[in-house]
Amino acid sequence: MTTHAPESPAPATPEPARPARRRRVRRLVAALTGIVLLVCAALGGVGWYFAGVATQVDHSAEYPFRITDVGNGTVTLPRDPDTERPGTWALAWPDGRALLGPVVGGDRATVVRRVASVLKGTPAKGARATIDHWLYEGDPKTALGLAFEDVAYPTQVGRMPAWLLPGTSPKGTWVIAVHGRNAGMAETFRAMRPVHATGMTMLSIAYRNDVDAPRSADHRNHMGATEWRDVASAVAYARANGATGVVLYGWSMGGAMAMKTLRADPSFVRGVVLDSPVMDWSATLDKQGDARHLPRLVTDVAKRTMRYRFGIDLDDLDQTRFAPRLRTPVLMFTTAGDQTVANRPAFAFAKAAPPGMVTHVTARGDHTEAWNTDPAAYERALASFLARVGR
């Protein structure tokens, strides 16, 4: 009798899992890659946009509030930090302008200010308006009663308009006044009377992309990186018309332009006056990005985009790196409440400069408002500096 043990069934062959796992990994990698690309595209897009905003040429006027009431030599305005603060200010509306006096009343919602004088038009209840720290409009004669000439000086991009306020003699040191980004020559009105009182000739210049001035090829603000060449051209114009030296006087971005001009050729520059200057554009862009609640990564992308898109070298616009080599006297005004420009580089510049080279005056107020908050103190500091360097 023969017995046969039953054969054990062959073990089942499992389905190969490796290809499935590979497909899942590939899908995951593809998804992550897509997310990374989307994030990079979003960062690049926001950075590209912010770079465009930072270099945009914009001369439009804004009127953020309405006049609440007018009467008995006063105006009633909505109460906010601009309308209630002490100092010397103008009230501007689309077809007019008035100089404001002190606060004489108001309540939690409004502030009543004396009207010192009406320069143009008539303030009306309900009119849109703004507080203007430039004070005046027009030209030096209509605004301040100062004689001047409309002149033009040659530059790389065309003949630039300027106001020439003659001094006691065309020979001697001239003051070349350079307004800030997206501003105009009217920004320099506040310095004209104290400069005129010294007997020095003053040249207040327009530069590329200003209203009624030649445009650059790309019609962009280059943060002083190219605009400084117009200041250098103005220096050449002054020299050709009798100047024996110049004082460069720059507000905001005009300060960056003045410093670039000084660095290129300090030989003809007797002194520099800086009012709320941009001493480091990188720090200022960080400040402006923070104010817009942009992550620093986005701001960094925007700064890199500026170099790629517009050829702007932000490292070269960091004036603090130049401070130890400074050999030209500088008078610098900064304001504690500056919401536009980073102040830290200005303090660093003053600290790094050789002893005695920088006279740093700190003041109350917002951007370029050191004069408005205390005109007398500002003009004393300016007159003393010009007397020292303008000989």
Side-chain angles (χ1 to χ4, degrees), residues 54 175-178 180-181 222-229 231-232 235 245-290 296 299-300 303 306-307 312-371 377-378 381-382 384-386 388-390:
V175 174
I176 296 180
V178 189
R181 175 181 177 271
H222 283 215
M223 301 177 174
T226 54
E227 292 88 350
W228 75 269
R229 297 185 183 279
V231 182
V235 172
V246 297
V247 172
L248 302 178
Y249 195 150
W251 286 256
S252 192
M253 189 179 90
M257 295 162 63
M259 289 303 302
K260 277 283 293 178
T261 306
L262 174 68
R263 288 165 51 191
D265 182 6
S267 63
F268 203 62
V269 183
R270 305 290 178 258
V272 178
V273 182
L274 304 172
D275 191 319
S276 296
V278 185
M279 301 302 277
D280 180 2
W281 264 112
S282 182
T284 289
L285 290 169
D286 286 342
K287 180 183 182 74
Q288 294 179 355
D290 291 347
R296 279 294 175 90
T299 308
D300 289 342
K303 289 189 283 190
M306 287 176 189
R307 182 160 195 158
I312 299 172
D313 182 358
L314 293 178
D315 290 340
D316 188 54
L317 297 175
D318 179 1
Q319 310 302 334
T320 62
R321 299 163 59 185
F322 170 70
R325 303 192 302 276
L326 182 68
R327 298 295 182 269
T328 303
V330 171
L331 171 62
M332 181 168 62
F333 297 94
T334 60
T335 52
D338 198 321
Q339 299 299 307
T340 302
V341 165
N343 272 336
R344 178 179 47 80
F347 281 81
F349 178 86
K351 183 177 181 180
M357 282 291 100
V358 177
T359 302
H360 185 190
V361 179
T362 59
R364 295 177 292 112
D366 201 342
H367 189 55
T368 71
E369 292 179 353
W371 182 92
Y378 187 104
L382 178 59
S384 175
F385 181 79
L386 293 179
R388 177 159 64 96
V389 303

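Side-chain atoms are counted along with the backbone in the values below, which use heavy atoms only and exclude waters and symmetry mates. Numbers here simply count residues along the sequence, with the first being 1.
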Q: Roughly how far, to the nearest 0.5 Å, is the CZ atom of F349 from the OG1 atom of T334?
A: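 Reported to 0.5 Å precision, the distance equals 13.0 Å.
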Q: To the closest 0.5 Å, what do you measure between CZ (R364) and CD (E369)?
A: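 Answer for the CZ-CD pair, R364 versus E369, is 10.5 Å.
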Q: Minimum heavy-atom separation for M332 and A350, please, with both atom names.
A: CE-CB, 4.0 Å
Q: Using the side-chain contact (heavy atoms from CB on, under 4.5 Å) rule, take L262 and Q319 through it: C-alpha gap first, then chi angles, then the decisive distance, then the call.
A: CA-CA 11 Å; L262 174 68; Q319 310 302 334; over 6 Å; no
Q: Minimum heavy-atom separation for D366 and G337, please, with both atom names.
A: OD1-O, 3.1 Å
Q: Measure the spacing between CZ of R181 and OG1 of T284 and express it to the nearest 0.5 Å.
A: 11.0 Å
Q: Taking the side chain as every heavy atom from C-beta outward, state whether W371 and L382 have any atom pair closer than 4.5 Å.
A: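 A side-chain contact under 4.5 Å is absent here.
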Q: Any non-hydrogen side-chain atom of L331 less than 4.5 Å from a side-chain atom of R388?
A: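 Counting from C-beta outward, L331 and R388 never come under 4.5 Å.
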Q: Run the numbers on V235 and L248 for side-chain contact (heavy atoms from CB on, under 4.5 Å), then give the verdict.
A: CA-CA 9 Å; V235 172; L248 302 178; 3.9 Å; yes
Q: Could you check whether any side-chain N or O of Q288 sits under 3.5 Å from a backbone N or O of L285, counting only pairs where one atom can act as donor and the other as acceptor?
A: no
Q: For V272 and V269, which heavy atoms make the closest approach, and how far apart are they?
A: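 Taking V272 first and V269 second, the nearest heavy atoms are CG2-CG1, 4.0 Å.
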Q: For a quick test of reading the model, state the closest non-hydrogen atom pair linking D290 to R296 and the distance between them.
A: OD2-NH2, 2.8 Å
Q: Roughly how far apart are L326 CG and T328 OG1, rounded to 0.5 Å?
A: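 Between L326 CG and T328 OG1, I get 6.0 Å after rounding to 0.5 Å.
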Q: Going by atom types only, do D318 and T320 share a side-chain donor-acceptor pair under 3.5 Å?
A: yes
Q: R307: what forms a salt bridge (charged side-chain N to carboxylate O under 4.0 Å, His left out) with it, not counting sequence neighbours?
A: D313
Q: Answer yes or no: is there an ion pair linking D316 with R263, defined by an N-O contact shorter than 4.0 Å?
A: yes
Q: Report yes or no: does N343 contribute a side-chain atom to a donor-acceptor pair with the main-chain N or O of T335 at less than 3.5 Å?
A: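 Judged by distance alone, yes, a pair lies under 3.5 Å.
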Q: Minimum heavy-atom separation for S252 and H367, please, with both atom names.
A: OG-NE2, 2.7 Å
Q: For the pair I312 and W281, evaluate side-chain contact (heavy atoms from CB on, under 4.5 Å) and give the outcome as yes or no after the intermediate values.
A: CA-CA 10 Å; I312 299 172; W281 264 112; over 6 Å; no
Q: What residues form a salt bridge (charged side-chain N to carboxylate O under 4.0 Å, His left out) with K303, not counting sequence neighbours?
A: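 Salt bridge (charged side-chain N to carboxylate O under 4.0 Å, His left out) list for K303, sorted by chain: D286, D300.
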Q: Heavy-atom count around R344 CZ within 6.0 Å, excluding the residue itself: above 12?
A: no
Q: Please give me the minimum heavy-atom distance between F347 and T362, naming the atom from each residue.
A: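 Shortest heavy-atom contact: CZ-CG2, 3.9 Å.
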Q: Aromatic rings Y378 and F333: how do their planes relate, parallel, tilted or perpendicular, breaks at 30° and 60°?
A: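 Parallel.
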Q: Should E227 and V178 be marked as a side-chain contact (heavy atoms from CB on, under 4.5 Å) after you check the CA-CA gap, both sets of side-chain angles, and the distance that decides it?
A: CA-CA 10 Å; E227 292 88 350; V178 189; over 6 Å; no
Q: Name all residues meeting the salt bridge (charged side-chain N to carboxylate O under 4.0 Å, His left out) criterion together with R270; count only those two or more places apart in sequence or in a different chain, and write none if there are none.
A: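 Residues passing salt bridge (charged side-chain N to carboxylate O under 4.0 Å, His left out) with R270: none at all.
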Q: Taking the side chain as every heavy atom from C-beta outward, state whether P266 and R327 have any pair of such atoms under 4.5 Å apart.
A: no
Q: What is the distance from atom CE of M223 to atom NZ of K260, rounded to the nearest 0.5 Å?
A: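 Result: 14.0 Å between the selected atoms.
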